[in-house]
Structures are given as C-alpha cells and as structure tokens.
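Below you'll find the structure, written out as structure tokens, and then a few comments.
Every heavy atom of this structure was used, including side-chain atoms; hydrogens, water molecules and symmetry mates were not.
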Amino acid sequence: MTSPFDSKNRVATLLDRLALRLLLLLLCVLFFYRLWRQSMLSLLAGAALFALVLLTLALFERRTLSLRDRLLRERIGGAIALDELLLMPAGRAGETVCALLSDVLGAQTLGGASMRYEGEVWLIRCAQCMQGSSASEGDVLAAHRARVEANADKCALVSTGGFSPAATRAAEWMDPPVRLISGRQLALMAGRLHPATDEEIAAHARRARVPFSFARIRALALSPTKQPRYLLCAFLLLLLYLACGSLLALLSCLMAFVLALLCRKENRRAFRL
C-alpha cells in the first residue's frame with residue numbers, strides 16, 4: 001500500500017502531461033521542417049501528425065485500461081470464489097467445484113460431485129486449505145478411495161491452496177493418476193466465469209484496508225513460540241549491561257523479560273476452556 005508521498009498530485013501530473021504533449025508537438029513539427037524547410041507547411045503537417053498520434057495513444061490507453069479492469073475483476077472474482085469454497089461444507093464445496101469445471105470444460109454433470117468428460121466419469125474432490133498451506137498426501141489417498149467407492153473412472157483433486165511434494169508424488173503413483181488442480185488455477189477459472197462486480201471490488205478493497213486489530217497484534221507479539229527468543233534477548237542484553245553499564249541495555253533487558261513472562265501467561269491462558 002502506497003503512501004500519499006509515493007504518488008504525484010494532480011497539478012504535477014497535469015504539468016507532466018502538458019510538457020510531454022508540447023515536446024511531442026515540437027518533434028512532429030521539426031520532423032516535417034527538416035524534410036521541407038518551410039515553416040508554415042511544417043507547422044500544419046506537424047499539428048496533423050500530432051493529432052493522429054494523440055488519437056492513437058488515447059485508443060491504446062483505453063484498450064489498456066479495459067484490459068486491466070477485466071484482469072482486476074477476474075483476479076478479485078477468483079479470490080472471492082476461493083474464500084467462499086473455504087467456508088463451505090466439504091460435500092457442497094466438491095459439488096461447486098464440479099459445476100465450475102463442467103462449465104469450463106463443457107462436461108456433463110451427473111449429480112453430486114461427478115461429471116462425464118470425454119466419455120469418462122470423473123469424481124471431483126476439494127481439499128479446503130488456508131491460504132499459504134498445501135494439501136497433503138492424505139488428501140490424495142482420500143480422493144483415490146472416494147473414486148473407488150463411487151466406481152468412477154478418474155478423479156480430480158482441487159485444492160484452495162497448493163500441493164505438497166509428497167501429495168504430487170502420491171498423485172502420480174496412483175493408478176489411474178489423480179489429477180491435481182491448484183488454488184491458483186481454480187481462481188483463474190472462477191474469475192473468468194464470474195468476474196467481480198463493482199460492489200464486490202469495493203467490499204474487497206475495504207477488507208484489504210482494515211489495519212491489524214489489537215487482538216491480532218497481541219497474538220503475534222505474545223505467541224508461545226516467541227518466549228525462548230525473548231529470554232535469549234534478555235540474557236544478551238543483560239550481558240551487554242554488565243559489560244558496558246548501559247542503562248538503555250538494562251531497560252531493554254527488563255522489557256524483553258516482561259514480554260517473556262506475558263508469553264508464558266498467554267500460553268497458560270490458551271489452554272483454558
């Protein structure tokens with residue numbers, strides 16, 4: 001997220017645009033003046049060429065903005081689809097992904113999480129993983145067992161995140177192999193079919209601008225795994241105080257020790273019902 005100092009204001013942007021257009025007009029006029037050596041004709045021809053170049057740039061800019069708008073809507077639409085899949089029940093998530101793949105591939109849905117594609121019956125499974133996590137080989141084995149139970153020809157495992165190396169090896173080892181579809185591929189397909197609307201883009205932007213809450217900052221700062229680090233910092237700062245006699249080192253040592261005590265208290269508190 002950029003600050004107001006990272007972007008130019010409207011006056012600076014307007015002056016830059018005006019200077020670039022004046023420079024372009026001067027170059028067009030100089031081009032024809034070098035060819036003809038006549039000031040009036042060079043000015044008229046240069047102005048015509050300048051207008052043509054401006055129209056071309058305007059059309060190119062409009063096309064670029066339209067492309068960027070479409071890509072933004074597809075990206076946000078895919079992210080919203082992944083968030084919705086993550087919170088669905090497992091059976092409903094598989095049915096939703098199956099309907100999505102049927103629309104993309106032109107396959108025939110058979111009800112539930114099954115579809116017929118190129119003369120074969122496919123069973124679709126969905127591994128609901130948090131962002132940044134990966135589906136494991138256990139998910140691949142569960143998908144393979146579900147295919148055998150459903151008497152389907154092939155199986156596809158869709159993950160809202162990624163796949164671990166063990167899961168990829170397990171999918172290749174199965175007979176027939178399990179087709180793996182990552183969350184990134186799923187988001188691209190969902191975004192192309194259901195691009196985000198203006199209201200969804202505005203809601204997504206409001207959620208992205210929400211700062212860290214106090215509870216989240218406290219959970220990150222007082223995580224039980226950070227208690228040894230705070231104790232180590234307190235010990236090192238104590239050695240620095242004994243060696244140099246710095247009051248700042250002593251105060252920092254006490255602060256690190258207090259944070260370690262708070263981590264211990266938070267760890268005990270986390271296991272209460």
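Tracing side-chain contacts under 4.5 Å through hydrophobic residues (I, L, V, M, F, W, Y), one reaches Leu105 starting from Trp122; they form part of the same cluster. In terms of hydrophobic clustering, with Ile, Leu, Val, Met, Phe, Trp and Tyr side chains grouped at heavy-atom distances under 4.5 Å, Leu188 and Ile181 are assigned to different clusters. Each of Leu44 and Tyr33 belongs to its own hydrophobic cluster when Ile, Leu, Val, Met, Phe, Trp and Tyr are linked at side-chain heavy-atom distances under 4.5 angstrom. The hydrophobic cluster containing Leu49 also contains Leu57, counting ILVMFWY residues as joined when their side-chain heavy atoms lie under 4.5 angstrom apart, directly or transitively. Side-chain heavy atoms closer than 4.5 Å link hydrophobic residues (I, L, V, M, F, W, Y) into clusters, and following such links, possibly through other members, connects Met189 to Leu85.
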Begin from the C-alpha positions of Cys253 and Tyr241 and carry the test side chain to side chain contact (heavy atoms under 4.5 Å, CB included) through to its verdict. CA-CA 9 Å; Cys253 173; Tyr241 168 72; over 6 Å; no
What do the steps show when you test Leu259 against Lys226 for side chain to side chain contact (heavy atoms under 4.5 Å, CB included), and what is the final call? CA-CA 9 Å; Leu259 288 175; Lys226 293 186 178 180; over 6 Å; no
Please step through side chain to side chain contact (heavy atoms under 4.5 Å, CB included) for the pair Leu100 and Leu186, ending with a clear verdict. CA-CA 9 Å; Leu100 175 64; Leu186 182 64; 3.4 Å; yes
Side chain to side chain contact (heavy atoms under 4.5 Å, CB included) between Leu101 and Tyr117, intermediate numbers included: CA-CA 10 Å; Leu101 292 178; Tyr117 177 63; over 6 Å; no
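The hydrophobic cluster containing Val121 also includes Leu110, under a criterion of side-chain heavy atoms closer than 4.5 Å among ILVMFWY residues, counted directly or through chains of members.
Note that CG of Asp153 and CG of Leu123 are 11.0 Å apart. Values are rounded to the nearest 0.5 Å. Expressed to the nearest 0.5 Å, how far NZ of Lys154 lies from CZ of Arg179 amounts to 10.5 Å. Between Arg147 atom CZ and Ile124 atom CD1 the span is 12.5 Å, to the nearest 0.5 Å. Between atom SG of residue Cys263 and atom CZ of residue Arg229 there is a gap of 10.0 Å, rounded to the nearest 0.5 Å. Separation of atoms NE2 (His144) and CD (Glu137) is listed at 14.0 Å; rounding is to 0.5 Å. Atom CZ of Arg192 sits about 14.5 Å away from atom CG of Asp103, to the nearest 0.5 Å.
Within the 3.5 Å criterion, the main-chain N or O of Ile76 finds no donor-acceptor partner in the side chain of Glu200. Side chain of Thr160 to main chain of Cys129: a donor-acceptor pair is present (N/O by atom type, distance under 3.5 Å, no hydrogens or angles). Side-chain atoms of Ser159 come within 3.5 Å of backbone N or O of Gly161 as a donor-acceptor pair. Of the possible donor and acceptor atoms, one in the side chain of Ser164 sits under 3.5 Å from a partner among the backbone N and O of Ala135. Of the possible polar contacts, one joining the Asp139 side chain to the Ser136 backbone as a donor-acceptor pair under 3.5 Å is found. Side chain of Gln185 to backbone of Ser182: a donor-acceptor contact under 3.5 angstrom is found.
A pairwise comparison of heavy atoms in Gly77 and Ala196 identifies N-CB, 3.7 Å as the closest pair. Closest approach of Ala47 and Leu25 over heavy atoms only: CA-CD1, 4.1 Å. Phe163 approaches Val158 most closely through the heavy-atom pair CZ-C, 4.5 Å. Residues Arg116 and Ala107 come closest through the heavy atom pair O-CB, 3.4 Å. Between Cys98 and Ala113 the shortest heavy-atom distance is SG-C, 3.6 Å. When all heavy atoms of Gln128 and Ala90 are compared, the closest pair comes out as OE1-CA, 3.7 Å.
Asp69 is linked by a side-chain hydrogen bond (donor to acceptor under 3.5 Å, both in side chains) to Arg73, counting only residues two or more places apart in sequence or in another chain. Contacts of Arg70 classified as side-chain hydrogen bond (donor to acceptor under 3.5 Å, both in side chains), with partners at least two apart in sequence or in another chain: Glu74. Legend: residues meeting side-chain contact (heavy atoms from CB on, under 4.5 Å) with Arg17, ordered by chain and number and at least two apart, are Thr13, Arg21, Glu61. Listed by chain and residue number, Phe235 satisfy the side-chain contact (heavy atoms from CB on, under 4.5 Å) test with Leu239 (two or more places apart in sequence, or in another chain).
Screening residues 34-69 for ring-ring contact (aromatic ring centres under 6.0 Å, His included), with sequence neighbours left out, gives Phe32-Trp36.
Between Pro177 and Glu172, every side-chain heavy-atom pair lies at or beyond the 4.5 Å cut-off. Side-chain contact between Leu24 and Leu22 is absent, with no heavy-atom pair separated by less than 4.5 Å.
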